[in-house]
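Scroll down for the structure; my scribbles are underneath it.
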Amino acid sequence: MGERGEEWEAVMLRKAEEEESKAVKKVKLVTSDGVTMEVEISTVKEMETIQAFMNATDTDNSIIFPLPKVSSHILSRIMELMSGEYDQELVKRLSHEELKEICMVANYLNMKTLLHLTASAIANLIQNKSVEFVRHFFNIINDFTPEEEVQLRKTHEWAFEGVDED
Amino acid sequence: MSSEKNYVSKLEKQKDCKVCSLLDLPEWTLDCILECLSPVDLFRVAQVCTSLRDKTRSDALWEKLIKQKWGMLVGDVAHQEWLWHTTKINTQSHLLLLQNQSGLCGSFSGVWASLSFNSYLENFIDLISLFKNCSKMALYICLESGRFWFPVQVYKNGNQNLFCCDAIVSYDGRTNTFQARSPRGGWQMIEGNVPWNRLRISPVETSPGAFYMSNSMNDLKPGDQIEIQIRRRKDSNYNWWYAVIGHLETCEEDVSQCPCQHNDMLVVEFKQFQPQSRWRRSVLNRNMHEEQGSRTRWLGGIRKLDNVEEIKRWNNLLESR
């Protein structure tokens with residue numbers, strides 16, 4: 001009997017452990033436009049910035065995490081990409097603005113896979129495009145002096161043949 | 001426009017420049033993007049603003065690109081030659097360089113400031129500022145625009161010939177081929193429109209005129225594929241000839257009991273010559289570690305070929321004759 005009792009106890013203990021891990025903890029992300037999105041803890045694992053915070057606080061209660069730099073629109077796009085396992089086709093459907101913002105957020109939340117994906121998508125986008133296009137895309141103002149521009153053009157002369165229309 | 005005014009207008013522009021975009025990202029994120037771009041795209045991105053110009057010039061980026069396109073031809077020796085040129089140019093006064101340039105640029109005769117043992121750099125004056133701070137990008141530009149003549153070996157596959165000779169080459173981007181000059185006196189042109197697949201990095205560090213010391217002389221046996229140094233005159237450079245180790249005349253060519261491997265004499269067979277040609281076979285003494293032969297044919301050191309790709313290349317050339 002004593003032996004059986006111990007066995008019984010062990011089974012119960014295992015069951016309890018399983019249940020604990022089954023009860024999926026949720027994380028609430030609050031976006032810049034005030035929307036609260038509840039996501040599973042596994043989703044957050046890839047967001048290293050949040051993960052680091054969770055590791056530090058180690059609480060059983062559900063966690064609320066404010067994301068003042070991320071809009072609900074962009075966050076839901078990111079969720080789509082994650083659940084689609086970062087399909088290139090999904091990336092192609094993003095607008096330029098979305099792509100840029102997602103890249104910034106990927107950096108802010110330290111999501112490595114997403115960062116590489118968006119970085120190479122941006123590179124594809126600016127391939128074979130004019131200087132003006134890149135300037136506009138990156139939202140950068142030309143700060144060269146005319147002399148510097150002439151100098152650069154001289155050095156890179158052959159880069160200007162066969163540029164795509166924007 | 002005066003330079004002072006220029007400077008002011010530049011400052012104003014910078015003040016206006018509300019960079020609130022990807023330039024705010026940490027370095028390595030931007031590097032991620034830049035790493036995916038081709039050289040031509042990088043040149044274009046460099047013209048966007050000063051900050052991107054500087055980022056697109058990093059040595060790490062260009063080292064990767066050089067490896068990609070030029071890795072199979074530009075080896076350690078070419079890199080050393082490049083370093084030799086740029087160091088020399090960086091330490092010379094601009095005025096002196098200009099004088100040199102106007103006097104002797106384009107001529108391969110005589111000893112010019114930028115003609116090193118094995119390479120030549122021409123028409124570089126407008127790139128001098130790049131040599132110091134972005135040497136790798138400058139190297140890429142000089143390779144791509146044919147300004148840097150670098151050392152390689154050219155496969156020659158003529159009528160009676162099949163060998164590799166040392167040369168310096170310059171790339172022509174329009175035809176995607178090379179011009180080759182011989183390192184022998186005067187750097188005369190030896191061939192134009194040489195395709196990529198007829199060039200290779202020299203497999204040995206021995207200079208073209210020096211005897212190659214082999215460490216496999218005693219292991220060579222019939223059927224081994226080799227390259228052997230040959231020159232016509234004692235004062236000229238060696239070329240590397242493809243050959244196969246053959247059997248002695250006394251041998252019955254029974255491979256399992258063949259004594260040729262242990263004989264002091266070594267038979268070298270040149271398949272590129274007809275069997276009846278007097279150039280078809282040469283016999284060497286294995287134990288003489290110096291040049292052997294006679295007038296018009298001096299045989300130097302032997303390189304045993306172990307690399308399957310290398311052997312295939314020679315055989316393809318043989319078959320294409």
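Computed from a predicted structure; not experimentally measured. Sequence lines set the chain letters: A, B, ... in the order given, protein chains first and strands last, and positions in each chain run from 1. The figures here come from the full heavy-atom set of this structure, side chains too, leaving out hydrogens, waters and symmetry mates.
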Non-hydrogen atoms of chain B under 4.5 Å away: do they reach the side chain of A/Gln151, the backbone, both or neither?
side chain
Using the salt bridge (Lys or Arg N to Asp or Glu O under 4.0 Å) criterion, which residues pair with B/Lys64? Sequence neighbours excluded.
B/Glu35
Looking at residues at least two apart in the chain, or sitting in another chain, which of them share a salt bridge (Lys or Arg N to Asp or Glu O under 4.0 Å) with A/Glu80?
A/Arg77
Heavy-atom contact with chain A under 4.5 Å, split by part of B/Leu42
neither
Contact origin within B/Leu34 toward chain A - heavy atom pairs under 4.5 Å
neither
What orientation do B/Trp70 and B/Phe150 show, parallel under 30°, tilted 30 to 60°, or perpendicular over 60°?
perpendicular
On the 0 to 90° scale, with breaks at 30° and 60°, tag the B/Phe43-B/Trp62 ring pair as parallel, tilted or perpendicular.
parallel
